[in-house]
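In what follows, a structure is listed as C-alpha cells, so that the remarks can point back to it.
Below, chain A is the first sequence line, B the second, and so on; all start at residue 1.
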Protein chains: 2
Amino acid sequence: MAPAPNPHPPTSPRRARLSRDLVLSTALALVDAEGLDALTMRRLGHELQRDPMSLYRYASNRAALLDGVSEMVLNELAIFPDDPDWQAQLRKIAHDLRLLALRHPNVVPLLVTRPLSTPLGMRPLGTLRPLEQILALLIDAGFTPASALHVYRAYYGFLYGHILNELQEYIVDPDENEAILRLGLHRLPAKDFPHLRALGPVLADYDGDAELDQGLSILLAGLATQLATPHARAIQQP
Amino acid sequence: MAPAPNPHPPTSPRRARLSRDLVLSTALALVDAEGLDALTMRRLGHELQRDPMSLYRYASNRAALLDGVSEMVLNELAIFPDDPDWQAQLRKIAHDLRLLALRHPNVVPLLVTRPLSTPLGMRPLGTLRPLEQILALLIDAGFTPASALHVYRAYYGFLYGHILNELQEYIVDPDENEAILRLGLHRLPAKDFPHLRALGPVLADYDGDAELDQGLSILLAGLATQLATPHARAIQQP
DNA sequence: ACAACTTCTCTACACCGTAGACTGTACATG
DNA sequence: CATGTACAGTCTACGGTGTAGAGAAGTTGT
C-alpha cells in the first residue's frame with residue numbers, strides 16, 4: 001500500500017516553481033507550436049504539470065492570459081526613441097515588427113484583435129510601450145505632439161496592414177506553398193476571377209520585405225513633407 | 001395529458017423555412033447586437049427556433065459559419081471596376097469599407113483574422129471578389145498585372161491598418177467615450193507614458209474619415225508615380 | 001399509395017472556463 | 001519548539017461549448 005503515490009517524483013526534474021513569466025512563456029511556446037486553439041487552461045496546466053486552476057494565480061482570466069502573451073511578444077521589439085534619424089528608425093521598427101510577426105504568426109491575430117475589445121487605457125502596459133516610444137521619436141524629430149499622433153497612425157496603420165496582408169498570403173508550409181496555392185487558385189471559377197488566377201505565379205513569390213520597404217518609402221516621403229511645412233502645426237494652434 | 005406539446009405552435013408566426021441566407025443574416029444580426037461570443041450554435045438555433053443541429057445543413061462548421069458571416073458583410077461593398085478614374089474609385093472604396101467596418105465593428109476581427117487561417121485559394125469566394133475587382137480596376141487604369149498586385153497590397157494594407165487603428169481607439173459608447181478614455185489614460189504611470197497621457201484630449205476627438213483621406217492622398221500620390229514611369233514594368237519584363 | 005429524398009430533432013460525448021472550498025508547505029513570531 | 005499567517009497549488013463541481021450519429025418528420029415525385 002503506497003499512501004502517497006508521488007511524494008518526491010524523481011523522474012520529473014522540470015517541475016519548477018511557477019511564475020508569471022514561466023506561465024506566459026510556456027503559453028507562448030504552445031501557441032507558436034500548435035496555434036491559438038491549443039492554448040486552453042487545461043492544456044497549459046498539463047504542459048506545466050500543474051493543476052489548471054493554479055494558473056489563475058498568474059492570470060485572472062483566459063483573456064488576461066492572451067493579453068499576457070501579446071505583451072510578451074511585443075516586448076521582443078526594441079525601439080530607440082533617441083535615434084536622430086527618425087525615418088531610419090521607423091524603417092527599422094517596421095522591419096523588426098515584420099520579422100517578429102513572421103516568427104510568431106499565430107500570435108498576430110491576438111496582437112490585432114485583442115486591442116479591439118480593450119479601451120486604450122486599459123491595455124497591458126507593455127502593449128502601449130511602442131506607441132509611447134514612437135511618439136517620443138516623432139516629437140523629438142520636430143513634430144507637434146498632435147501631428148506626431150497623426151503620423152503614428154498613418155505609419156502604424158500601414159505597418160499592421162502590411163503584416164496582415166503578407167501573412168494572409170503566406171501561412172502554409174513554404175514547401176508545398178506554391179503547389180497548394182496554385183491548387184487553391186485552380187478552384188476559382190475562371191469566369192469570375194480571371195486576373196487573380198492569372199497572377200498565380202506572381203502571388204507565389206512574394207518578397208514581403210521589399211514590398212514593405214517600398215510602401216514605407218512612399219509613406220515616409222509623404223509624411224516628411226508635413227514636417228517641412230508648418231501645415232500640421234496650424235491645426236493645433238492657429 | 002398532452003402527448004404532443006406543440007404540434008402547431010400558434011404563437012410563433014416567424015418560423016420560416018431555413019436557408020443559408022436566413023441563417024447567415026440572423027447570425028450577422030446576432031453578432032452585430034451582442035458580439036462574436038454570443039454567436040454559438042445553440043444560441044443561433046434558439047434565435048431561429050430550431051434545433052442547433054439543423055444549422056449544420058447550411059454551414060458545416062462553426063468556422064464555416066463565421067466565414068459565411070464575413071462573406072455576407074463583404075457583399076455589402078460595391079466596387080465599380082470600370083470607373084475610369086481609378087484614384088477616385090479607390091478613395092470611394094476606402095471610405096465605403098470604413099463605414100462598413102463602423103457599421104459592423106464586431107465582424108472586423110473576423111474579416112481580419114479568418115483569412116490568416118485559410119489559404120488564399122480556399123477562401124469563400126465572396127471574400128476574394130474585392131481583390132479581383134480592384135485588380136481589374138488597376139489593370140484597366142494601365143498598370144501591369146504584376147504591379148497592380150503590388151499597388152493593391154499597399155493600398156489594401158494601408159486601408160485595413162487604418163480601420164483597425166480607428167476601431168481600436170473607438171469602440172466604447174461615444175457618450176462616455178471621453179470620460180472612459182481619460183480615466184483609462186489616468187491609469188498609466190506618468191513617468192513611463194508622458195506623451196501618451198498628454199495627448200488625451202487629442203485622442204478623444206479622432207476624425208477617422210479625415211485621417212483616412214489624408215493617408216490615402218499620400219499613398220495614391222506615391223503610387224501614381226509608378227504609373228507615370230515604366231519602372232514597375234521593368235521588373236516584370238526586363 | 002408508396003418510396004425517395006430532404007430537413008430537422010434527439011441523445012450523447014468530450015472538452016471548455018472557472019467559482020469555491022480545501023490542502024499543504026514556508027516562514028515569521030511567540 | 002509551537003503556533004499563526006500567508007501563500008501555492010489542488011479538488012470537485014457546474015453550466016456551457018461544438019459536433020458525431022441515429023432517427024423522426026416533412027416534402028415531393030411517381
Side-chain angles (χ1 to χ4, degrees), chain A residues 2-10 12-27 30-31 34-69 106 109-110 113-114 117-118, chain B residues 2-10 12-27 30-31 34-69 106 109-110 113-114 117-118:
Chain A
N6 263 5
H8 284 268
S12 64
R14 59 197 65 218
R15 205 162 171 287
R17 219 160 180 302
L18 285 190
S19 71
R20 182 169 163 88
D21 236 56
L22 178 60
V23 168
L24 290 184
S25 56
T26 312
L30 186 54
V31 171
E34 307 190 27
L36 271 180
D37 290 344
L39 179 56
T40 71
M41 303 307 263
R42 287 168 149 98
R43 175 69 192 279
L44 183 54
H46 177 82
E47 221 68 26
L48 290 161
Q49 303 180 266
R50 288 283 152 52
D51 186 284
M53 279 298 127
S54 60
L55 302 174
Y56 287 84
R57 297 252 160 223
Y58 306 97
S60 58
N61 255 342
R62 193 180 115 96
L65 190 74
L66 296 179
D67 281 340
V69 172
N106 295 333
L110 283 189
T113 265
R114 288 287 318 156
S117 30
T118 324
Chain B
N6 262 7
H8 284 267
S12 62
R14 58 196 68 221
R15 205 163 172 283
R17 219 163 182 298
L18 285 190
S19 71
R20 183 170 161 90
D21 236 56
L22 178 59
V23 169
L24 290 184
S25 57
T26 313
L30 186 54
V31 171
E34 308 190 26
L36 271 181
D37 290 344
L39 179 56
T40 72
M41 303 307 263
R42 287 169 151 95
R43 176 70 194 279
L44 183 54
H46 177 83
E47 221 67 28
L48 290 160
Q49 303 180 266
R50 289 285 151 58
D51 187 284
M53 278 299 126
S54 61
L55 303 174
Y56 287 84
R57 293 257 155 220
Y58 307 97
S60 58
N61 255 343
R62 193 180 117 95
L65 190 75
L66 297 178
D67 281 341
V69 172
N106 295 334
L110 284 189
T113 264
R114 288 288 317 155
S117 30
T118 324

side-chain N/O T40(A) vs dC16(C) OP1/OP2, d < 4.0 Å: yes
Point-to-point distance, once rounded to the nearest 0.5 Å, from CG of L22(A) to CZ of R17(A): 11.5 Å
L44(B) CG - dG16(D) C1' separation (whole Å): 16 Å
Criterion side chain to side chain contact (heavy atoms under 4.5 Å, CB included) on R57(A) and L18(A), from CA distance to verdict: CA-CA 9 Å; R57(A) 297 252 160 223; L18(A) 285 190; over 6 Å; no
Spacing of L18(A) atom CG relative to dC7(D) atom P, expressed in whole Å: 16 Å
Spacing of CG belonging to L30(A) relative to CG belonging to L44(A), to within rounding of 0.5 Å: 6.5 Å
Distance test, side-chain N/O of S54(B) to OP1/OP2 of dT7(C), below 4.0 Å: no
d(CZ, R42(B); C1', dT19(D)) in whole Å: 9 Å
Closest nucleotide among dT9(C), dG17(C), dT7(C) to the Y56(A) side chain: dG17(C)
Gap between atoms CZ and P, on R20(B) and dC8(C) respectively (whole Å): 15 Å
Distance, rounded to the nearest Å, where D51(B) contributes CG and dT19(D) contributes C1': 11 Å
V31(B) and L66(B): CA distance, side-chain angles, deciding distance, side chain to side chain contact (heavy atoms under 4.5 Å, CB included) verdict: CA-CA 10 Å; V31(B) 171; L66(B) 297 178; 5.9 Å; no
Under-4.0 Å side-chain N/O to phosphate OP1/OP2 contact, N61(A) with dT18(C): yes
Minimum-distance nucleotide (side-chain atoms of R50(A) versus dT10(D), dT18(C), dT7(C)): dT10(D)
Rounded distance in Å - CE (M53(A)) to P (dG17(C)): 9 Å
Phosphate OP1/OP2 of dG9(D): any Y58(A) side-chain N/O under 4.0 Å: yes
Distance, rounded to the nearest Å, where L65(A) contributes CG and dG17(C) contributes P: 10 Å
Check against side chain to side chain contact (heavy atoms under 4.5 Å, CB included), L55(A) and L65(A): CA-CA 9 Å; L55(A) 302 174; L65(A) 190 74; 5.7 Å; no
Distance, rounded to the nearest Å, where L55(B) contributes CG and dT6(C) contributes P: 19 Å
Touch class at under 4.0 angstrom, heavy-atom based, for R62(B) against every strand present: sugar-phosphate
